[in-house]
Amino acid sequence: MTRPAIFIDRDGTLSEEVGYINHLSRFRMLPFAVDAVRLVNQSGWLAVVVTNQAGVARGYFPETLVTAVHDRVREHMTAGGARLDGIFYCPHHPTAGDAPYRQDCECRKPKPGLLRQAAGELGIDLARSWMIGDRYADVQVAWAVGARGALVRTGYGEGELAHKAAGWPRPPDLVAANLLQAVSHVLHGTPSA
Ligand SMILES: [Mg+2]
Ligand SMILES: [Zn+2]
């Protein structure tokens with residue numbers, strides 16, 4: 001049996017967008033992030049983080065820092081009674097850095113590799129799933145796997161809407177103030193109170 005998932009972008013969606021997180025001290029969860037994930041848990045859907053971390057390929061920080069940040073994310077979730085079913089990241093960049101990180105991979109959003117990997121490992125029904133993020137690439141990756149895409153106004157989202165939306169061939173399936181509002185709308189059809 002497969003279940004639908006809510007795929008969640010990391011920087012700008014689950015945590016503050018502060019540029020490259022090249023030290024653990026720069027990482028800050030957004031205040032509603034744990035509540036949003038707990039809401040997903042309660043619904044029976046899977047909650048899966050998918051994030052591009054090209055700073056690894058660019059040599060700005062080691063891959064061990066990415067996993068340390070994700071350990072921190074899981075600690076926050078556990079402390080708040082929430083759980084992520086998976087965290088998948090792409091450390092690559094098509095033109096920057098050295099092999100093996102320098103490669104035109106299939107997992108850098110908006111390519112669908114991370115979502116397909118998660119679907120295979122966790123048993124996800126992609127057609128019933130959503131991806132929520134603060135960049136149009138997050139919406140595009142949803143469409144690339146037949147899912148639906150929501151854009152949040154946190155992180156780069158407000159600027160994406162202000163400066164880029166006119167050029168988008170297709171609008172996001174949902175625009176929401178933040179991750180909690182988006183999750184609430186997807187699961188219950190209404191913004192959270
Ligand atoms: Mg982002
Ligand atoms: Zn990749």
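As the structure is a prediction and not an experimental result, all values here were calculated from the model. Counting convention: from 1, in listed order, for ligands and their atoms alike. Sequence positions, counted from 1, serve as the residue numbers for this chain.
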Discussion item. If we only look closer than 2.8 Å, how many protein N, O or S atoms does the Mg ion (ligand 1) have near it?
Written reply: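 Considering protein N, O and S only, the Mg ion (ligand 1) has 3 within range.
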Discussion item. Can a donor-acceptor pair be found, under 3.5 Å and without considering hydrogens, that links the side chain of Ser184 to the backbone of Leu180?
Written reply: no
Worksheet item: Is Glu75 reaching over with its side chain to a backbone N or O of Met77, donor-acceptor style, under 3.5 angstrom?
Response: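 No: the side chain of Glu75 does not pair with the backbone of Met77.
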Worksheet item: Relative to the ring of Tyr20, is the ring of Tyr60 parallel (under 30°), tilted (30 to 60°) or perpendicular (over 60°)?
Response: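 If you compare the ring of Tyr60 with that of Tyr20, the planes turn out perpendicular.
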Worksheet item: Trp45 ring centre to Arg3 NZ or CZ under 6.0 Å, with the angle to the axis within 45°?
Response: no
Practice prompt. Assess the side chains of Trp130 and Asp173: does a donor N or O sit below 3.5 Å from an acceptor N or O?
Written response: no
Discussion item. Salt bridge check, Lys109 against Asp138: does any charged N sit closer than 4.0 Å to a carboxylate O?
Written reply: yes
Worksheet item: Salt bridge between Asp71 and Arg74, side-chain N to carboxylate O under 4.0 Å?
Response: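 Looking at Asp71 and Arg74, the cut-off is not met.
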Item to complete: Can you see which heavy atom on Ala82 is nearest to which on Val37, and at what distance?
Response: CB-CG1, 4.0 Å
Fill in: Atoms named by residue and atom, protein N, O or S, within reach of the Zn ion (ligand 2) (under 2.8 Å)
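Those protein N, O or S atoms (cut-off: under 2.8 Å from the Zn ion (ligand 2)) are Cys90 SG, His92 ND1, Cys105 SG, Cys107 SG.
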Item to complete: Would you confirm whether the ring centroid of Trp168 sits within less than 6.0 angstrom of the ring centroid of Tyr136?
Response: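 That pair passes the under 6.0 Å test.
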